[in-house]
Asker: 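After the structure tokens below, expect a handful of questions from me.
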Amino acid sequence: MYHPMALHPDVESFDVRLDQLLRSKVALKDAVVVPQEVKEDELVSALHLR
């Protein structure tokens with residue numbers, strides 16, 4: 001768990017930027033779609049090999 005500690009009213013601090021980066025990484029991880037198992041005939045068909 002990360003909680004930014006150094007806050008400035010006018011300037012984005014390193015901690016705030018790091019927090020934004022970490023949040024965007026988590027959002028990206030959650031957005032990744034992991035396909036189920038692909039059968040050989042589905043792959044061949046998708047690549048138009050037959």
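Predicted model, so just to flag it, every value in this text is computed and none were measured.
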Asker: Roughly how far, to the nearest 0.5 Å, is the CD atom of Gln20 from the CG atom of Asp15?
Answerer: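 These two atoms lie 11.5 Å from each other.
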Asker: Residues in side chain to side chain contact (heavy atoms under 4.5 Å, CB included) with Leu28, at least two apart?
Answerer: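 Side chain to side chain contact (heavy atoms under 4.5 Å, CB included) check on Leu28 returns nothing, list empty.
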Asker: With clusters defined by side-chain heavy atoms of hydrophobic residues (ILVMFWY) lying less than 4.5 Å apart, directly or transitively, does Phe14 cluster with Leu22?
Answerer: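 Same cluster.
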Asker: Taking only residues two or more places apart in sequence, or in another chain, which ones meet Glu42 in a side chain to side chain contact (heavy atoms under 4.5 Å, CB included)?
Answerer: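 With neighbours one apart ignored, the set is Val38, Lys39.
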Asker: Considering the options Val26, Leu21, Asp19, which one meets the side chain to side chain contact (heavy atoms under 4.5 Å, CB included) requirement together with Arg23?
Answerer: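 Of the listed options, the one satisfying the test is Asp19.
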